[in-house]
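Data first, discussion second: the structure below is written as structure tokens.
The structure displayed is predicted, hence computed values, not measured ones.
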Amino acid sequence: MATLTRISSAATAVRVVCPTLDHMVTQVRYRKTINTRSKKHISVIKAKLLSVTKWKAPQDTRMTMAERCGLREERLQETVVQENPLRDLMAKEARNVLETSGMVAVLHISDFSGPDRRVFCAKLKESDITVRFWSNSVAGLAVQDTPYSTLTTLMVGMNMYAHSPDPQVAPLLKVLKVTPQVSLLGGLVDGLLMSKADMEHYAQLPSMEQCYGEVVSVLSAGVGQTSQLLQNPLQQLSRNLQQISSSA
Amino acid sequence: MSVLLRRGGNHIGHNTSKLCLIQPHHITGRQVCPPVCVLSAGLKNFPIPRNYDHVEIPEQSKLKFYQRVPDLVKHVREPRGIKMLRGPADPEQTVLIGKQYGIKALSPGLMRWGHFEMIRLTINRRMDTKTMWAKWRIEAPYKPLTKKGQGHRMGGGKGAIDHYVTPIKQDRIIVEMGGKIDFEVVHPMLREIAQKLPFQAKVVTQEMLEEEEREEEWRRENNQNEFTFEDVVKKNMMGCSQHISKYDREWFGKYQ
């Protein structure tokens, strides 16, 4: 009860203590209370007892709000998945995309439509990233028997999938920074399942050629150092001899 | 020849997928999709329809006509009996006999001949006698209600009988429908009727009723509150018996 109301009668007391009564409670009147224009009085003690003895739900052990708002666990187990050839076809398509693209990022959408969406898709298209929607059931089917089946943990709520033939994580993150309605949940990059933090780290890595160059330089540094060390005394000796010959 | 789903139109914007056949091009031999496509947005899943072979449709499947006034030799004026409306209906009156669809009363009330006619005409007009049946679950008006003439002062005895009504308790089934049809066919006409009744009513199916029963059972078993109103009343907790009526001792707050 957030607001303070002045309790002037039993009726208002009842409304303060238990503002809403159960829908099953009827409003049959008799004798003096037959005037249905006035609210029926209920004693405050009875109202309090009714509100105190209300039904309390058992604690929900499920983690996310999306799961808790869904069906109860027993009901979930009872639901039977019906045959749907269209859904199977879409799942096949999704699996094809999953296997052939270098990157598949799972994005969560909230209130995203119209020009914002078009601009978002256009910006991503510049870097050769396409955004597609598959429902959670279809995406779950697509991922079922693959080694990436743990992606089903991300398939809760409204999701879209950004995929490209090469892993283009940096351009994706750059565009996502500017669109607050879309958030990155995770993805599959270069055959590796990554979380959001992993993908951000991956984006900051230099390109493959640069990495090769760094590795080569690290390896050759050791070799170069040893060769330098070996050549150092000889060079020193030649310099000393030159000095002596020039001075003499 | 295999089939695949392709994004149609601009890739910017909402999804419109198209189903295409993959065929080799007649000259180059490359796999191409010809321009003849089917929009998958219009494709639907067609589930197998339910089997209603066990349902029999009687010969006279429409609702019977109910009289306005019962055929009595002597019409006797009765007490109002509003207390009789309290509480739930008999258990046999809250069950669907045909185990298909019906209207259930969610609060008590009195039904007049006008309501009966409204129900009868609506259903008989809309139903298909070959595939559906409809049945009354309530009696014709039998309870007399009196009324004094307009403008008369108090006194002079009880008024004359004005009209007849059927008293209806909460949770009673009013009318039932069924047949070789799905719920969607019957729902509009039953909903229209339920809205016009003089008490709160809703359209129910056998599945809904079973579901409610299961839900209630689950709630009873999984109540984390150690105290229920039933306990409070039976054990006279907090000395509340002063404020508890005989109906609470019977129905424990579920019905008033």
Side-chain angles (χ1 to χ4, degrees), chain A residues 21-31 34 40 42-59 72 74-75 78 82-94 96-97 113-115 117-125 128-134 160, chain B residues 3-7 10-15 17 19 40 43-48 80 82-83 85-88 106-109 169-171 199-200 214-215 218-233 237-240 242-245 247-248 251-256:
Chain A
L21 290 173
D22 224 0
H23 78 280
M24 297 248 234
V25 170
T26 58
Q27 299 288 318
V28 175
R29 313 302 172 83
Y30 60 95
R31 280 195 238 135
I34 210 144
K40 183 176 160 127
I42 191 171
S43 75
V44 184
I45 293 170
K46 188 175 165 185
K48 281 187 192 173
L49 287 168
L50 278 170
S51 67
V52 157
T53 52
K54 269 190 184 157
W55 186 80
K56 256 192 220 167
Q59 207 185 26
R72 273 203 316 263
E74 306 100 55
R75 292 283 304 280
E78 275 170 31
Q82 287 173 329
E83 257 187 54
N84 191 340
L86 179 62
R87 196 208 292 144
D88 295 335
L89 184 68
M90 289 159 91
K92 206 168 149 186
E93 172 77 10
N96 196 30
V97 162
S113 63
R117 194 156 168 163
R118 283 195 283 273
V119 162
F120 175 75
C121 292
K123 278 189 196 167
L124 286 180
K125 198 63 195 165
D128 207 20
I129 303 172
T130 41
V131 180
R132 260 191 94 161
F133 169 78
W134 283 295
M160 291 192 77
Chain B
V3 155
L4 84 85
L5 272 172
R6 279 185 76 207
R7 279 296 299 282
N10 290 328
H11 285 258
I12 299 159
H14 64 270
N15 285 317
S17 310
L19 268 182
S40 78
L43 287 180
K44 276 182 83 172
N45 180 41
F46 293 102
I48 297 166
R80 266 172 260 274
I82 294 176
K83 268 191 274 184
L85 292 174
R86 287 182 94 149
L106 296 176
S107 69
K169 287 185 160 186
Q170 190 172 338
D171 290 348
F199 40 79
Q200 279 167 31
R214 267 185 284 149
E215 183 75 28
W218 183 85
R219 278 172 82 94
R220 235 181 300 132
E221 283 169 17
N222 292 292
N223 189 2
Q224 298 302 308
N225 197 346
E226 307 126 46
F227 306 104
T228 56
F229 195 62
E230 204 175 322
D231 293 337
V232 167
V233 164
M237 286 182 180
M238 307 277 294
C240 66
Q242 218 182 356
H243 308 279
I244 300 289
S245 70
Y247 299 109
D248 289 325
W251 302 320
F252 306 114
K254 192 177 175 194
Y255 305 98
Q256 262 195 334

Report summary line: Hits for side chain to side chain donor-acceptor pair (under 3.5 Å) against Trp55(A), two or more places apart or cross-chain, chain-then-number order -> none

Query raised in the report: Do Arg132(A) and Glu93(A) meet the salt-bridge criterion of a basic N to acidic O distance under 4.0 Å?
Result: yes

Query raised in the report: With only heavy atoms counted, which part of Trp251(B) is less than 4.5 Å from chain A, the side chain, the backbone, both or neither?
Result: neither

Query raised in the report: Just wondering, are more than 12 heavy atoms of other shown residues or ligands nearer than 6.0 Å to CD in Gln242(B)?
Result: no

Query raised in the report: Quick one: what part of Glu221(B) sits under 4.5 Å from any heavy atom of chain A, side chain, backbone, both or neither?
Result: neither

Query raised in the report: Mind checking what makes side chain to side chain donor-acceptor pair (under 3.5 Å) contact with Asn225(B), not counting sequence neighbours?
Result: none

Requested in this report: Could you tell me which portion of Asp231(B) (side chain, backbone, both or neither) has an atom closer than 4.5 angstrom to a non-hydrogen atom of chain A?
Outcome: neither

